[in-house]
Amino acid sequence: MGSGMRYDPVPLGIKCFKHATGPSPPRNIVYKCWILALTFFVYMSYHMNRKSLGVVKSTLHGGNCSDNTTSEGWAPFNGTDGTELLGYLDTAFLLSYAIFIFACGSIADTISLRYFLTVGMIGTSIFMTLMGMARYFEIHSLAYFVIMQIIIGAFQATGWPAVVAVIGNWVGKGSRGLIMGIWNSHTSVGNILGGLIAGAESNSLDTWGLSFIYPAIVIGGLGIVVFLFLPTNPQAVGLPPPNQSTTEEDEERLIKSLQHHSDDSDDEGNIIRDPNSIPAISFCKALRIPGVMEFSIALFFAKLVCYTFLFCLPDYVHSIKINGTQYDSQKSADIATFYDIGGILGSIICGLLADKTGCNAIVCIVFQILSVPLLYVYYQFGTISMSAQLGIMFVLGFFSNGPYALITTAVSADLGTSEAIRGSSQALATVSAIIDGSGSIGATLGPYITSVLTNHKDGPDKYQRVFTVLEVSAFIAALCLLRVMIKEISKLRVRSSEDSEIQPSTKVKYSLVRNRKNSDARR
């Protein structure tokens, strides 16, 4: 093997499946559907495990419950500084995740993605179980909880670079925004299921440990499935790589090849490209890819908003009175799922708009700008009634999660296979790690800032300054993409001008080739 090339043998389960199906292998679409489904459940399980701590915070901290009783909490989090100590756990996890994800991206580009994911999932399962076992071993050491969170964060960092690289290897660019918008709902589905599963055991000091153990069992089981049944690229099962000739640059080169019979295309007009001939790129070279820095900084602020809600929304709902009623931690976790339900729809619509327009930055800016007034409206009017709480929370999730999902999936994959690196799939994990790692630094700051601003405070104004920070962050996220937006507007103008200049005969040839390519991609 050459330097930077990953070795990825055919999984044992796939070998058995191919043997059972005989000489006629499954079509490309069958494998694609399997890859999309499996990676969906894989990263769903990652997010299930991230939700546990946010759900059990109110139980660990103790205090007043909705039935007018008082919970004594779990030492050392039941003191006057309990909120701040729980914030340390969030920070330990997220900071570890942010640090390790940069290294994980480079590592994932050079070894088997299947092995890499398996280790990360099994490791997460083991240490999440140990986190929950603190209840049954009567562990009250802050150091123990912090160390567990650091280790869990390191193993969780294996997930995103690997699954984005796998999806990028299998899915072409033509419908990547829509497909990944639907696929990226795994984050919201994982948050919802994690909240429900953890919430079912979070109200009692006797069973809060199960809020960590149940999700750990899920991710551990799926880790075994990944090891046995995940082909990380089409070539591993004897299929060609996906057709990715749908960007403006690829279209322009295709037209030129039709007009001038370029040596870069075969007799049918298919652009010849060997993705495995290019080794993994360096971290610094990946940073210089146009758009990587802008989207990385934008995701820093967008993820700060989303992860503040991920870790702190159940506690916020628990701390307020909705139409005069205060709800316990289990009911608060159930209410908070409406933010993620809105996020599912927002991810899909955002991806669809990006596909239709080809303008990722413009779509992200519009969604981020609209989320700013919604944050204010939610804080000011969300307590009027349950309908207002759920309705505004749903719409807020729609607009704040859309850009976050688009940047971490379709944008990362597009930049990771851009012409700046000549389309090498070996850059996918590195680019996605840079973008998501930058976002994870913001995700680290969000819950920490929340713990600092809300510590030693009670009452309806506890979260006032937190929402101000979130509003400013959402606005800055939009500003970060202005330069990319200007480039996208310029490209739209150039594309419109070039379309009017292309000869009719060339348009017909180009249309026939593009239709044939899209037909091949669907197979």
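- Smallest separation of non-hydrogen atoms from G382 and I322: O-CG2, 4.4 Å.
- Put simply, the side chain of Y307 does not reach to within 4.5 Å of the side chain of D90, judged on heavy atoms.
- Ring orientation note: the planes of F145 and F77 are nearly perpendicular, at an angle over 60° on the 30°/60° scale.
- Between H61 and W208, a ring centre-to-centre spacing not shorter than 6.0 Å is recorded.
- Side-chain contact check for Q389 versus V317: some heavy-atom pair is nearer than 4.5 Å.
- When each of T308, T468, D315 is paired with Y463, the side-chain hydrogen bond (donor to acceptor under 3.5 Å, both in side chains) condition holds for D315 and for no other.
- The shortest side-chain heavy-atom distance between F394 and L345 falls under the 4.5 Å cut-off.
- The minimum heavy-atom distance linking P403 with C364 is given by the pair CG-O, 3.8 Å.
- Contacts classified as side-chain hydrogen bond (donor to acceptor under 3.5 Å, both in side chains) and involving residues 142-158 (residues at least two apart or in different chains) are given here: Y46-T158, R50-Q156.
- Heavy-atom neighbours of F338 CZ from other residues, nucleotides or ligands within 6.0 Å: at or below the threshold of 12.
- Between D436 and K303 the shortest side-chain heavy-atom distance falls below 4.5 Å.
- For F467, the CZ atom sits in a packed shell: over 12 heavy atoms of surrounding residues, nucleotides or ligands are nearer than 6.0 Å.
- Separation of atoms CZ (F40) and CH2 (W183) is listed at 9.5 Å; rounding is to 0.5 Å.
- To the nearest 0.5 Å, the span separating CD1 on I335 from CG on L313 amounts to 9.5 Å.
- Between W160 and H186, the ring planes lie perpendicular to each other; the angle is over 60°, past the 30° to 60° tilted range.
- For the residue pair V226 and M121, the shortest heavy atom distance occurs at CG2-SD, 3.9 Å.
- Of the possible polar contacts, none joining the T207 side chain to the L210 backbone as a donor-acceptor pair under 3.5 Å is found.
- I384 has its side chain out of reach of N323: every pair of non-hydrogen atoms, C-beta onward, lies at least 4.5 Å apart.
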Subject >> Candidate pair L53 and F93, rule side-chain contact (heavy atoms from CB on, under 4.5 Å), full reasoning >> reply: CA-CA 10 Å; L53 181 60; F93 169 83; over 6 Å; no
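- Under the 3.5 Å distance criterion, the side-chain polar atoms of Q326 are matched with a main-chain donor or acceptor of H318.
- A 4.5 Å side-chain heavy-atom check between F309 and L470 finds at least one atom pair inside the cut-off.
- A donor-acceptor contact shorter than 3.5 Å is absent between the side chain of S45 and the backbone of I219.
- Residues C104 and A154 share a closest heavy-atom pair of SG-O, 4.5 Å.
- Between the D328 side chain and the K331 main chain, a donor and an acceptor come within less than 3.5 Å of each other.
- For the atom pair M293 CE and S296 OG, the distance stands at 6.5 Å (nearest 0.5 Å).
- Annotation for P215 and N49: closest pair O-ND2, 3.2 Å, computed over non-hydrogen atoms.
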Original post:
Given the rule in the side-chain contact (heavy atoms from CB on, under 4.5 Å) test, do M128 and T124 qualify, once you have shown the distances and angles that lead to the verdict?
Top reply: CA-CA 6 Å; M128 279 290 291; T124 298; 4.0 Å; yes
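- Atoms CG and CG, on L396 and L370 in that order, are 11.5 Å from each other to the nearest 0.5 Å.
- In this structure, OH on Y327 lies 15.5 Å from OG on S58, to the nearest 0.5 angstrom.
- For the pair T444 (side chain) and L95 (backbone), a donor-acceptor distance under 3.5 Å is present.
- When all heavy atoms are compared, the tightest approach of K51 to G195 is CG-N, 3.4 Å.
- Under a 3.5 Å cut-off, the side chain of S52 and the backbone N or O of S211 do form a donor-acceptor pair.
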**OP:** Check step by step if ring-ring contact (aromatic ring centres under 6.0 Å, His included) holds for Y316 and Y339.
**Re:** CA-CA 13 Å; Y316 168 71; Y339 177 81; over 10 Å; no
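- Atom CG of N184 and atom CD1 of I407 lie 11.0 Å apart (nearest 0.5 Å).
- In terms of modelled atom types and a separation under 3.5 Å, the side chain of S125 and the main chain of A216 share a donor-acceptor contact.
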**OP:** Check the pair N360 / E488 against side-chain contact (heavy atoms from CB on, under 4.5 Å), numbers first and verdict last.
**Re:** CA-CA 8 Å; N360 295 325; E488 289 179 348; 4.1 Å; yes
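- In this structure the side chain of T129 never reaches within 4.5 angstrom of the side chain of F212, judged on heavy atoms.
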Original post:
Stepwise, does the side-chain contact (heavy atoms from CB on, under 4.5 Å) test hold for I167 with Y43?
Top reply: CA-CA 12 Å; I167 291 297; Y43 211 69; over 6 Å; no
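- Remark: side-chain polar atoms of S451 are paired, donor with acceptor, to backbone N or O of Y448 under 3.5 angstrom.
- Within the 4.5 Å cutoff, no side-chain heavy atoms of I320 are placed close to those of Y379.
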